[in-house]
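Below is one structure; the comments refer to it alone.
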There are 2 protein chains.
Amino acid sequence: MRLQSYARAYPSPRESLFVSSAPTVYDVAARSGVSIATVSRVYRNPDSVRAETRERVLTAARALGYVPSGNARGLASRSTGILGLCFPDYSDPDTEATEAEDEDAAMLYSDQIIRGMERAARRHGYALLIAASLKGGPESLVAKVAGRVDGFAALARTVPTEDLEVISRRQPVVMLAGPREGTDHLDHLDHIEVANFDGQKELTRHLIEDHGLRRLAYIGSAEESPDVEARFRGYLEACRDGRLNVGPEPDLRVRMMRQADGARAVDALCAPDRERPEALVFANDQMAVGALHALEKRGLRVPEDMAVTGFDGIPLSRLVRPALTTVHQPMLRMGEEAVELLVKRLSGARDTEPVSLMLPVTVVRRDSCGCGKGEVAHTDIP
Amino acid sequence: MRLQSYARAYPSPRESLFVSSAPTVYDVAARSGVSIATVSRVYRNPDSVRAETRERVLTAARALGYVPSGNARGLASRSTGILGLCFPDYSDPDTEATEAEDEDAAMLYSDQIIRGMERAARRHGYALLIAASLKGGPESLVAKVAGRVDGFAALARTVPTEDLEVISRRQPVVMLAGPREGTDHLDHLDHIEVANFDGQKELTRHLIEDHGLRRLAYIGSAEESPDVEARFRGYLEACRDGRLNVGPEPDLRVRMMRQADGARAVDALCAPDRERPEALVFANDQMAVGALHALEKRGLRVPEDMAVTGFDGIPLSRLVRPALTTVHQPMLRMGEEAVELLVKRLSGARDTEPVSLMLPVTVVRRDSCGCGKGEVAHTDIP
DNA sequence: GTGAAAGCGCTAACAG
DNA sequence: CTGTTAGCGCTTTCAC
């Protein structure tokens with residue numbers, strides 16, 4: 001019944017740019033006079049085939065332009081040698097590279113994770129499949145990735161939690177950055193987060209104690225985000241420790257946490273009818289950068305008239321003027337740790353207890369909080 | 001004969017962290033009382049199934065924790081929705097991040113391409129599979145990627161040219177950065193390169209005409225690299241135009257073009273027994289950065305005692321002191337163009353003539369060539 | 001060492 | 001709108 005294959009005519013390489021159907025093990029087997037099993041062996045375990053036979057097969061394969069189908073392989077062997085990463089579409093039109101030189105300034109959060117994962121995956125012999133969720137169905141995203149990899153990492157809120165729960169019953173999954181919620185479901189997932197609370201708390205303490213600021217405003221997210229909430233709680237605690245008068249809610253919640261939202265925050269919080277804060281504490285760098293621009297337009301000086309801080313430590317934070325005081329997250333390391341966790345699960349430790357890591361952050365004091373011109377100080381937290 | 005599947009017992013979610021065998025269409029079909037074809041339709045084309053039936057299937061799938069197998073899908077449908085990228089292991093131990101803040105300084109060439117491809121792939125609904133060639137068999141790399149994607153890009157010299165030739169008969173391949181050689185084979189490949197020749201020529205002209213330097217030294221690569229050769233030819237032409245006395249070979253060829261090699265180049269070219277050059281023209285940024293360090297150790301000032309230039313425009317080039325004069329390559333754009341080319345091929349234009357793009361570069365004049373402190377000038381080439 | 005045969009999980013006609 | 005029936009290309013026992 002595979003005779004059709006055996007009888008298939010092999011068009012010369014030049015017949016068309018792309019040949020209608022790619023050669024298979026059957027073609028190679030027929031041409032080299034062995035069975036398909038042997039062809040398979042030549043690729044999976046060369047030493048189990050006599051040298052002469054092996055050469056015959058290889059020669060035929062070369063002549064035919066044979067490339068093993070990863071899909072068929074994965075299907076038959078139930079493993080792919082690929083790790084995956086799902087992340088949300090963070091792209092910010094305002095941050096997109098416009099001038100050539102700014103390409104690297106637009107590096108995001110997720111790009112660092114990709115770099116970290118790629119590096120670690122490479123060390124372990126895995127390739128990396130990356131997929132950003134677009135506005136389309138989120139269902140498709142996870143399914144697409146999950147169905148093609150041996151294990152994967154997902155940035156929090158990329159994938160419906162219940163989907164993750166289901167998938168994690170089948171393969172190793174590590175959740176990135178969103179603290180495990182509920183503690184109830186999601187019990188199969190390994191989990192990595194950063195010290196959002198401690199970082200934001202230390203940064204806020206710095207503003208209050210070291211710079212003597214007392215009227216702070218916090219700009220958070222309207223979307224539910226455990227990370228942002230943790231940061232806000234850190235901010236609150238520092239405020240209370242400093243005996244500042246703060247409510248239980250951020251002074252402002254914006255929708256997307258992009259540059260435009262940061263600019264809008266300035267409009268809202270520096271309205272003429274209200275007392276101007278002494279410091280704008282943003283839940284991320286992108287907004288803070290947007291605010292810097294907006295403030296400049298209004299003729300307000302940073303940090304003299306108003307201090308501004310961010311969170312994340314994206315490359316852009318160091319390039320803007322004044323350079324942004326922020327809390328640096330070790331995203332590269334997070335990517336690496338994610339791979340380590342996945343690899344560990346894949347190589348045996350499948351039924352051990354879920355792991356939960358908390359990575360330390362670094363408070364980076366630059367100009368925008370009032371720390372001396374050009375001087376930079378780091379404090380690792382915790 | 002699939003009865004085993006139908007009869008399979010479904011362990012409760014808690015029975016084990018990972019269930020032995022994942023549910024399939026057969027399980028979902030059995031549980032929801034439809035055929036496997038219908039299950040398949042629910043995922044591929046939901047509207048072709050009556051709403052009520054669809055819900056039944058979805059419910060069963062959810063209960064079972066069903067996730068479609070990408071491998072099986074790819075195998076049956078002959079397409080994966082994935083694009084690939086193969087790149088060499090560029091990592092440089094000296095550039096690796098040590099301090100948190102330097103994570104982004106370590107961004108390489110290939111990272112920008114990844115970013116560009118990911119972004120463009122996302123726009124077209126593709127995911128991206130990335131794999132760096134490690135010292136292991138190169139055979140495995142291409143095969144791994146090629147066998148799992150609908151089309152892919154390969155950085156020059158990542159993959160044996162003959163392999164590419166073979167594979168490109170089967171699926172779209174675009175070659176990055178290495179000029180098409182021979183013109184003879186490789187005729188199926190689309191190809192993208194940057195203006196290496198013109199960029200290096202303009203930079204060299206700047207050194208000669210604008211700064212009046214006449215004793216230049218070029219540091220190239222021992223490995224064969226069309227890109228580096230093109231740069232060198234640009235350098236040569238500028239030198240001849242300036243009536244400088246230059247031989248047909250670089251003053252030095254180093255092995256890896258890493259920071260350590262740049263430092264070694266300084267040792268070799270600034271030896272006491274020979275006349276010191278006025279400018280060190282490096283074939284890439286990494287070496288130039290290494291040279292900057294070595295020069296500083298020797299107590300030589302840049303640019304006063306010696307001008308230094310690089311090529312690539314990596315983020316690090318702007319962060320070092322003095323900031324490096326270099327030629328910026330639009331790697332992000334190269335990644336994007338690569339995806340556009342692949343997508344075009346995949347959506348019909350399979351048999352049209354191979355495309356060859358030459359992307360413009362930008363000469364970035366910073367401090368290390370003697371251009372005024374802090375001032376930066378750009379010139380786009382061509 | 002090599003071959004035969006049975007799937008892996010899904011899609012894709014083609015009937016009904 | 002739904003079911004039947006073939007494979008997709010490879011790995012994998014189990015014999016020989």
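The figures here come from the full heavy-atom set of this structure, side chains too, leaving out hydrogens, waters and symmetry mates. Predicted model only: the values in this text are computed from it and were never measured. Every chain is numbered from 1, with letters handed out A, B, ... down the list of sequences.
- The phosphate of dG1(C) (OP1 or OP2) has no side-chain N or O of Ser48(A) nearer than 4.0 angstrom.
- Residues Asp190(A) and Val173(A) are not in side-chain contact: their nearest non-hydrogen atoms beyond the backbone lie 4.5 Å or more apart.
- Judged purely by distance below 3.5 Å, without hydrogens or angles, the side chains of Thr59(A) and Arg31(A) never pair a donor atom with an acceptor atom.
- In this structure, Thr38(A) and Val49(A) have side chains that are in contact, with non-hydrogen atoms separated by less than 4.5 Å.
- Between Asn71(B) atom CG and dC10(C) atom C1' the separation is 11 Å, expressed in whole Å.
- Under a 3.5 Å cut-off, the side chain of Arg54(B) and the backbone N or O of Pro46(B) do form a donor-acceptor pair.
- Of the two residues contacting DNA chain D, namely Gly70(A) and Ser35(B), the nearest-nucleotide position lying further toward the 5' end is that of Ser35(B).
- A side-chain contact (heavy atoms from CB on, under 4.5 Å) with Cys86(A) is found for exactly one of Leu155(A), Ile130(A), Leu129(A), Val145(A), namely Val145(A).
- The distance from atom CZ of Arg148(B) to atom C1' of dC10(D) is 11 Å, rounded to the nearest whole Å.
- Taking atom CG of Asn45(B) as the reference point, atom P of dT2(D) lies 12 Å away to the nearest angstrom.
- One can place CD of Glu55(B) at 15 Å from P of dC1(D), the figure rounded to the nearest angstrom.
- Which of dG3(C), dG9(D), dT2(D) sits closest to the side chain of Thr24(A) comes down to dG9(D).
- Tyr126(B) meets the ring-ring contact (aromatic ring centres under 6.0 Å, His included) test with no other residue; sequence neighbours excluded.
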Between protein and nucleic acid, restricted to nucleotides 11-15 of chain D and to nitrogen or oxygen atoms under 3.5 Å apart, what atom pairs and distances do you find?
from, atom 1, to, atom 2, distance (Å)
dT11(D), OP1, Arg44(A), NH1, 3.2
dT11(D), OP1, Arg73(A), NE, 3.3
dT11(D), OP2, Ser40(A), OG, 2.4

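- The phosphate of dC10(D) (OP1 or OP2) has no side-chain N or O of Arg78(A) nearer than 4.0 angstrom.
- Separating the CG atom of Leu75(B) from the C1' atom of dG7(D) is a distance of 9 Å, rounded to the nearest angstrom.
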